[in-house]
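Please read all numbers here as calculations on a predicted model, not as lab measurements. Counting from 1, the numbers follow the sequence of the chain as shown. First listed ligand is number 1; within each ligand, the first listed atom is number 1.
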Amino acid sequence: MVKLTDIPKAFVKGITHSWLSMVGAMVVTVTFPFLVGAVLYDTFMHIANPYLSGFIYMILGPGFMGGLLLVFIGLFFARGKEEVRLFTLDYLRDKLSDESGYNRIRKLVFVGVFLTCINLFVVGILAYSGYHYMESDAFCGEVCHVPMTPEFTAYQNSAHSRVGCVDCHIGTGASWFVKSKISGARQLYAVVADTFSRPIKTPVHGLRPARDTCEQCHRPEKFHGDRLVVKDKYLEDENNTHVQTVLLLKIGSAGDLAAESHGIHWHVAPENEIIYKAADWERNIIPEVSQKTANGNKIIYRSGEADEQIAAATNLEERIMDCIDCHNRPSHIYLPADEAINGKILTNNIPTDLPFIKQQAMKVVSIEYRTQDEARTAIAKELTNYYKSNYSDIYSQNRPLVEKAIAGVQAAYVENVFPEMRIQWDTYSSNLGHANYFGCFRCHNDEHESAEGEVISMDCDTCHTILAEDEENPEIIKTLLGGS
Ligand code: HEC
Ligand code: HEC
Ligand code: HEC
Ligand code: HEC
Ligand code: HEC
C-alpha cells in the first residue's frame, strides 16, 4: 500500500531527476511567498508606487508562471526514471489494471487537482491584477518614465486628469486591448533600446476613432447654445496691464430630436459626414473636403492648389472628421508661452506688482534651453539680475515678491516645455482655434471652393461673436456682471 505521504515524495523525486524541473521548482519556491504577499497587499491596500507594481506584475508574476511551466515540462518530457514514469501513460495503464495501484492513482490525481487549483487561483489573481495594472495611468504614464513625462504632466493639468489613459487610447473591447499590447511591446522595446522618437510623433495615426472613446462619455447632440469665453491677457508694459478678449462661441450641437445640427458641433452630426484629404502627416495641408448633406448630396470643396498639393503630398490620407480633428489636445495641453505666463499671472503665481514682469518672463522663457534644470537656473538668475539692477529698491525691500515670480515663471516653463524630449513651446499644435496655429483655418480659409462657387466660410461671425478684443475693463463684462 502506498501512503499519502509517498505522493509528494514521488513528485519531489520526479522533479529532482530533471534539471529543468529543478530550476523551475526553485524559481516557484522563491517567488511564491513574495508574490502571494505582494498581490494580496496590492489587492487590499493598493500599492501606489508604480515601480513596485511593475516589479510584481512584470517580473515576479511572469517569473512564477515560467517556473511552473518548467516544472511540468521537466516532469513530463524527461523520461526514463521510475518517478518520472509515474506521470506517463504507460504507468497509468499499468496501475489502472491493478487493484492496489488504483488507490495510488486516485491519491495522485487528488494531489494533482489540489495543486492545480492552488496554482490556477494564484495565476487567476495574477492575471486579473496584472490586467488592471497594465490599464493604470501609473503604468502608462510613469513606468515609462522619460518618454511619457511630458504627456503625463500635461494630462495631470487638464480637465481629463481623472479620465484614464486607456479610456481615450484603448477604449473597451478585447481587440483594441490586444492591439494596444502589441504596439505596447514594440514601444517597450523602443524604450529599452532607446530608439523612441523625440518628441513622440503626433497625430497618432493609429488612434481609435473618437466615437468609441470620446463619445462614450460626451454626446455633442446634447449640448446646445453659445458659450461665453473670456481670455485674460497681460501686456508687456511697465504695469503689466490686464486686458480681456470676450467671445460668444457658437458651440452649437450635433442635432437632436428637437433641434437641427448647428454651430461648431454641426460637423459631427451623423447627417453631415465630412471627409477630408490631408497631404501631410500633421494634417495641416488639406487639399479637399467633401461634405455629405442631409438630403444625400455631396459637396466637394477643393483648395485653389489642390492638384499641386496632392502631387507633392508626403503622406496622403483620407479621413472622416471626428472630435480629434479639432480637439487634438484634450488632455495633453501644451500652452504657448504667452498663454502659460498669462495663466500664472491670472492665478497670482506671478505677481503683477513687479514692473515689467510679463515682458521679462517672456524674454527669459523664450530662450531654448537644453534641460529643464538649466532653464530653472537661468530663469532665477536672469530675473534676479534684472530686478537687482533696475529696481533695486523693490529687490531689497520685497525680495519674496521676486522669489514668487521666479517660481511662477519656472512652473509655467516646466509644465509646458520638455527639452529632454525635444518639446519646445510650439512643438505640439492645437487645432481648436486659429490664433496660434492653423486650426479651423485649415479648411475655413475662403480658399476651399465647391463646383457651385461656395466656399468654406471664413466669416468672423460663423463661429463666434467678438464682444471685446484686448480691452481694459471691457463694457460687456460690466454689463454681464450687472455693475455700472
Ligand atoms: C481625453 C483623452 C485622453 C487621455 C485621458 C489621454 N490621452 Fe494621450 N492623447 C489623446 C489625444 C487626442 C492625442 C493626440 C491624438 C492626435 O492628435 O492624433 C494623444 C496623444 C498622446 C501621445 C502622443 C504624443 C502627443 O502628445 O501627441 C502620447 C504619448 C499619449 N497621448 C500618452 C498618454 C498617456 C500616458 C496618458 C495617461 C497618463 C494619456 N495619453 C491620456 C487623448 C488622451
Ligand atoms: C471617461 C470619460 C471621458 C472620456 C473618454 C472623454 N472625456 Fe472629455 N471630459 C470628461 C469629463 C468628466 C469632463 C469634465 C471635466 C471637468 O470639467 O472637470 C470632460 C471635459 C471635456 C472637455 C471640456 C474641457 C475643458 O477644458 O473645459 C472637452 C472639450 C472634452 N472633454 C473633449 C473630449 C474628447 C475630444 C475626448 C476624446 C479624445 C474625451 N473628451 C474623452 C470625460 C471624458
Ligand atoms: C469643428 C471642430 C470641433 C469638432 C469636430 C468637435 N468639437 Fe467640441 N468644441 C469645439 C470648440 C471650438 C469648442 C469650444 C472650445 C472652447 O471653449 O474654447 C468645443 C467644445 C466642446 C466641449 C465643451 C462644451 C461646452 O459646452 O463647453 C465638449 C465636451 C466637446 N467640445 C466635445 C466634443 C466631442 C465629444 C466631439 C466629437 C463627437 C467634438 N467636441 C467635436 C470644436 C469642435
Ligand atoms: C476638415 C475641414 C474643416 C475643419 C478643420 C473645420 N471645419 Fe468647420 N466646416 C467645414 C465645412 C465643409 C463646413 C460647411 C461649409 C460652411 O458652412 O462653410 C463647415 C461649417 C462650419 C460651421 C457652420 C455650421 C452651420 O451651422 O452650418 C461652423 C460654425 C464651423 N464650421 C466651425 C468650425 C470651427 C470652430 C473649426 C475649428 C475648431 C472648424 N469649423 C474646422 C469644414 C471644416
Ligand atoms: C471656423 C470658425 C472661426 C472663424 C471663421 C473665425 N474664428 Fe476666431 N476663433 C475661433 C475659435 C474656435 C476660437 C478659439 C476660442 C478659444 O480659444 O476658446 C477663436 C478665437 C478668436 C479670437 C481670440 C483669440 C485669442 O486667443 O485671443 C479672436 C480675436 C478671433 N477668433 C478673431 C477672429 C476674426 C477676426 C475672424 C475673422 C477673420 C475669426 N476669428 C474667424 C473660430 C473661428
Regarding T293 and N295, do their side chains bring together a donor and an acceptor under 3.5 Å, going by distance alone?
yes
A210 heavy atom under 4.0 Å from ligand 3
no
Considering non-hydrogen atoms of the protein only, which is the closest contact for atom 11 (C) of ligand 3, and what is the distance?
L432 CD1, 3.8 Å
Atom 29 (C) of ligand 1 - nearest protein heavy atom and its distance:
M148 CE, 3.4 Å
Closest protein heavy atom (residue, atom, distance) for atom 32 (C) of ligand 3
F223 CZ, 3.6 Å
List every atom of ligand 1 that sits less than 4.0 Å from any heavy atom of C168, numbering the atoms from 1 in the order shown and giving each element.
1 (C), 2 (C), 3 (C), 4 (C), 5 (C), 42 (C), 43 (C)
Closest contact, heavy atoms only, S457 versus T462:
OG-OG1, 2.8 Å
protein heavy-atom neighbour closest to atom 12 (C) of ligand 2 works out as V163 CG2, 4.9 Å
Near P330, which atoms of ligand 1 are under 4.0 Å from a heavy atom of that residue?
12 (C)
For T213, the atoms of ligand 2 under 4.0 Å from one of its heavy atoms are 5 (C)
Minimum heavy-atom distance between H267 and I274, given as atom pair plus value
CD2-CD1, 4.0 Å
Please report which non-hydrogen protein atom sits nearest to atom 39 (C) of ligand 1, along with the residue it belongs to and the distance in Å to one decimal place.
H332 CE1, 3.2 Å
Nearest-contact summary for atom 37 (C) of ligand 1 - protein heavy atom, Å:
C165 SG, 1.8 Å
T202 N/O under 3.5 Å from ligand 1 N/O:
yes
Testing the basics here: between N416 and I333, what is the closest heavy-atom pair and its distance to 0.1 Å?
OD1-O, 3.9 Å
Does the residue R329 have a heavy-atom contact with ligand 1, meaning some pair of atoms that are separated by less than 4.0 Å?
yes
Is the closest side-chain heavy-atom distance between P199 and Y428 below 4.5 Å?
yes
With a 4.0 Å heavy-atom cut-off (strictly under), which part of C323 contacts ligand 3: side chain, backbone, both or neither?
both
Short list, please: which atoms of ligand 2 are under 4.0 Å from a heavy atom of H327?
29 (C), 35 (C)
Is there at least one pair of N or O atoms, one from S331 and one from ligand 1, spaced under 3.5 Å apart?
yes
Do the non-hydrogen side-chain atoms of H169 and S180 ever get within less than 4.5 Å of each other?
no
Tell me the closest heavy-atom pair linking H160 and S331, and the distance in Å.
CB-CB, 4.0 Å
Looking only at protein heavy atoms, which one is nearest to atom 28 (C) of ligand 1, and what is the separation?
E151 CG, 3.4 Å
Any heavy atom of I251 sitting closer than 4.0 Å to ligand 3?
yes
What orientation do H265 and F223 show, parallel under 30°, tilted 30 to 60°, or perpendicular over 60°?
perpendicular
Where is the tightest heavy-atom contact between E454 and I299, given as atom of each residue plus distance?
OE1-CD1, 4.3 Å
At what distance is the nearest protein heavy atom to atom 10 (C) of ligand 1, and which residue and atom is it?
H169 NE2, 3.5 Å
For L207, the atoms of ligand 1 under 4.0 Å from one of its heavy atoms are 15 (C)
By number and element, which atoms of ligand 1 are closer than 4.0 Å to a non-hydrogen atom of F152?
38 (C)
After noting the C-alpha distance and the side-chain angles of H327 and H218, does the key distance pass the side chain to side chain contact (heavy atoms under 4.5 Å, CB included) rule?
CA-CA 13 Å; H327 296 282; H218 297 287; over 6 Å; no
Can you check whether E215 has an N/O within less than 3.5 Å of an N/O in ligand 3?
no
Among Y128, Y133, Y131, find the one that has a ring pair (Phe, Tyr, Trp, His ring centres under 6.0 Å) with Y57.
Y133
R227 to ligand 3: N or O pair under 3.5 Å?
yes
Provide, to 0.1 Å, the distance between atom 18 (O) of ligand 1 and the closest protein heavy atom, together with that atom's residue and name.
V204 N, 2.8 Å
Which ligand 1 atoms does P203 reach within 4.0 Å, using its non-hydrogen atoms?
16 (C), 17 (O), 18 (O)
Those atoms of ligand 1 less than 4.0 Å from some heavy atom in Y428:
24 (C), 25 (C), 26 (O), 27 (O)
Contact bool for atom 4 (C) of ligand 2 (protein heavy atom, d < 4.0 Å):
yes
How close does the nearest protein non-hydrogen atom get to atom 14 (C) of ligand 1, and which residue and atom is it?
N328 O, 3.4 Å
Of Q216, H218, R211, the one whose closest heavy atom lies nearest atom 13 (C) of ligand 2 is H218
Enumerated ligand 1 atoms positioned under 4.0 Å from heavy atoms of G164
5 (C)
Using a 4.0 Å heavy-atom threshold (strictly under), name the region of D167 that reaches ligand 1: side chain, backbone, both or neither.
neither
Under 2.8 Å: N/O/S of C217 next to atom 8 (Fe) of ligand 2
no
What's the shortest distance from atom 41 (C) of ligand 2 to any protein heavy atom, and which residue and atom give it?
C214 CA, 3.6 Å
Taking every heavy atom of T172 against every heavy atom of R208, the minimum-distance pair comes out as O-NH1, 2.8 Å
re atom 2 (C) of ligand 3, the protein heavy-atom contact at minimum distance is C326 SG, 1.8 Å
With backbone taken as N, CA, C and O and side chain as the heavy atoms from C-beta onward, which portion of D322 lies under 4.0 Å from ligand 3: side chain, backbone, both, or neither?
backbone
If you scan protein heavy atoms around atom 24 (C) of ligand 2, the nearest is A159 CB, 3.9 Å
For the residue pair F441 and H434, categorise the inter-ring angle as parallel (less than 30°), tilted (30 to 60°) or perpendicular (more than 60°).
parallel
If the cut-off is 4.0 Å to any non-hydrogen atom of I324, which atoms of ligand 2 fall inside it?
38 (C)
Give me the nearest non-hydrogen protein atom to atom 42 (C) of ligand 3 as residue plus atom name, then the distance to 0.1 Å.
I264 CG2, 3.3 Å
May I have the step-by-step check of ring-ring contact (aromatic ring centres under 6.0 Å, His included) for Y386 and F356, ending in yes or no?
CA-CA 10 Å; Y386 179 82; F356 286 116; 7.1 Å; no
Is the shortest side-chain heavy-atom distance between N328 and S430 below 4.5 Å?
yes
Has I333 got any heavy atom lying under 4.0 angstrom from an atom of ligand 2?
no
Give me the residue, atom name and distance of the protein heavy atom closest to atom 30 (C) of ligand 2.
H160 CE1, 3.4 Å
Side chains of T347 and N349: any donor to acceptor distance under 3.5 Å?
yes
On the 0 to 90° scale, with breaks at 30° and 60°, tag the F64-F32 ring pair as parallel, tilted or perpendicular.
tilted
Could you tell me how the ring of Y234 sits relative to the ring of H242: parallel (under 30°), tilted (30 to 60°) or perpendicular (over 60°)?
parallel
Quick test: of every protein heavy atom, which one is nearest to atom 16 (C) of ligand 3, and how far off is it to 0.1 Å?
L249 CD2, 3.7 Å
